[in-house]
Amino acid sequence: MATATRTAAPTLIGSVQRALRLLESAGSHPDGAPAKQLAREAGLPLPTAYHLLRTLAHEGYLRREKGVFVLGDAVQRLAHGNGPQNRRSKITESLGRWRDATGVPVYFAVYDDGEIDLVSVADSPSAPAVAHGDIRETGHAHALGQCLLSRLDEESRRDHLDRYPVRPLTPYCVPDRRTLLERLGSLGPAEPVVERQEYRIGTVCAAVPIEAGVTTGAVAISVPLHQQERLLPAIERLRREIESLASSLAFSISI
């Protein structure tokens with residue numbers, strides 16, 4: 001005869017359950033409530049409630065004001081989803097919106113801790129992205145890298161090129177370090193960086209700098225060489241799209 005399969009009961013952490021009940025009680029009182037009232041509503045002994053309330057206040061989930069407990073900033077951050085995963089989701093949404101607006105692939109990268117980091121790409125079957133497998137080592141060649149390097153101070157820029165020397169990837173690529181530094185130094189603070197077949201034969205790209213909190217950021221687009229007349233209108237459209245969302249972007253991409 002078949003034996004019924006038992007389902008193991010989940011392991012529950014009592015202290016977590018009790019802390020959550022206290023948070024729920026505190027959340028039901030917009031003007032705050034004293035410890036005794038919260039303990040009573042949560043069904044907890046007062047000493048246990050005091051211990052948990054102090055811990056929650058220390059971690060920022062509660063705040064004590066004039067003898068009552070109110071929800072703290074940590075709860076607000078959870079409620080509004082300001083964590084790294086949520087910010088990256090917002091980045092993806094923004095890039096998808098710009099891809100649809102421009103009709104070309106859109107790339108977002110940052111310069112963080114001495115490295116070029118390709119954070120996200122938005123493309124489509126009709127407008128596929130260019131492969132960027134070696135983006136860190138070839139920043140001198142592609143528009144994203146040149147844009148990011150142009151935003152660095154001279155010492156940081158030279159340090160990067162010491163670690164990743166200039167090496168021509170195509171016949172159109174910048175030939176040497178001196179030429180690259182002259183090009184980067186001649187760029188205006190918001191001027192688009194344009195490269196034509198320097199990184200990939202048959203592809204032209206453009207990039208613009210973008211505010212990314214304390215991190216240097218850049219957004220780029222690419223088009224096939226035979227469609228290069230689309231490049232400058234698309235990058236100008238992208239710039240306008242970025243400016244229209246500037247207030248939310250500074251928050252969204254501070255990663």
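Position 1 is the first residue of the sequence, and the numbers go up from there.
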Evaluate the side-chain proximity of [Y] to [X]: yes if any heavy-atom separation is below 4.5 Å, no if none is.
X      : Y      : value
Pro209 : Glu191 : no
Glu41  : His29  : yes
Glu195 : Val174 : no
Ile210 : Phe108 : yes
Leu44  : Leu52  : yes

To the nearest 0.5 Å, what is the distance between [atom1] on [X] and [atom2] on [Y]?
X      : Y      : atom1 : atom2 : result
Arg158 : Leu152 : CZ    : CG    : 12.5 Å
Ile242 : Ser94  : CD1   : OG    : 9.5 Å
Tyr199 : Gln146 : OH    : CD    : 12.0 Å
Phe69  : Ser25  : CZ    : OG    : 12.5 Å
Thr216 : Asp117 : OG1   : CG    : 12.5 Å
Arg177 : Leu161 : CZ    : CG    : 5.0 Å

Main-chain N/O of [Y] paired with [X] side-chain donor or acceptor, under 3.5 Å:
X      : Y      : value
Tyr61  : Leu53  : no
Arg99  : Asp123 : yes
Thr102 : Trp98  : yes
His142 : Thr138 : yes
His140 : Gly145 : no
Arg157 : Ser150 : yes
Thr170 : Gln197 : yes

Other residues, nucleotides and ligands only: do more than 12 of their heavy atoms fall within 6.0 Å of [atom1] on [X]?
X      : atom1 : value
Asp153 : CG    : yes
Glu182 : CD    : yes
His51  : NE2   : no
Glu154 : CD    : no

- With side-chain contact (heavy atoms from CB on, under 4.5 Å) as the test, would you mind laying out the steps for Lys36 and Leu46 before giving the verdict? CA-CA 6 Å; Lys36 288 183 179 180; Leu46 188 57; 4.0 Å; yes
Self-check item: Hydrophobic cluster of Ile201, others only, ordered by chain and residue number, side-chain cut-off 4.5 Å
Solution: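 Tyr172, listed by chain and number.
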Cluster partners of Val68, using ILVMFWY side-chain heavy atoms under 4.5 angstrom, listed by chain and number?
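Besides Val68, the cluster holds no residue at all.
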request  = Please report the C-alpha distance between Ser156 and Asp159 in whole Å, then the side-chain angles of each, then the deciding distance to 0.1 Å, and finally whether the side-chain hydrogen bond (donor to acceptor under 3.5 Å, both in side chains) criterion is met.
outcome  = CA-CA 5 Å; Ser156 298; Asp159 171 73; over 6 Å; no
Determine, using the 4.5 Å side-chain heavy-atom cutoff (strictly less than), whether [X] and [Y] are members of one ILVMFWY cluster.
X      : Y      : value
Tyr50  : Leu23  : no
Tyr164 : Val166 : no
Leu38  : Val16  : yes

Which heavy atom of [X] sits nearest to which heavy atom of [Y], and what is that distance?
X      : Y      : value
Ala141 : Leu169 : CB-CD1, 3.6 Å
Tyr107 : Val130 : OH-N, 2.8 Å
Pro105 : Ser222 : CD-O, 3.3 Å
Val106 : Leu95  : O-CD2, 3.8 Å
Ile116 : Gly139 : CD1-CA, 3.7 Å
Leu118 : Val121 : CD2-CG2, 3.8 Å

Test side-chain contact (heavy atoms from CB on, under 4.5 Å) on Leu144 and Cys147; report intermediate values, then the result.
CA-CA 5 Å; Leu144 270 175; Cys147 188; 5.9 Å; no
query: Checking side-chain contact (heavy atoms from CB on, under 4.5 Å) for the pair Arg230/Val104: CA distance, chi angles, key distance, verdict?
result: CA-CA 9 Å; Arg230 300 177 60 196; Val104 297; 3.5 Å; yes
Margin query: For Asp31 and Val70: C-alpha separation, side-chain torsions, deciding distance, then whether side-chain contact (heavy atoms from CB on, under 4.5 Å) applies.
Written below: CA-CA 7 Å; Asp31 297 324; Val70 296; over 6 Å; no
For this session: Decide, yes or no, whether a salt bridge links Glu24 with Arg21 under the criterion of side-chain N to carboxylate O below 4.0 Å.
Result: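 No salt bridge links Glu24 with Arg21.
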**Message:** Tell me whether Glu198 is salt-bridged to Arg183, with the criterion being a basic N under 4.0 Å from an acidic carboxylate O.
**Reply:**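 Looking at Glu198 and Arg183, the cut-off is met.
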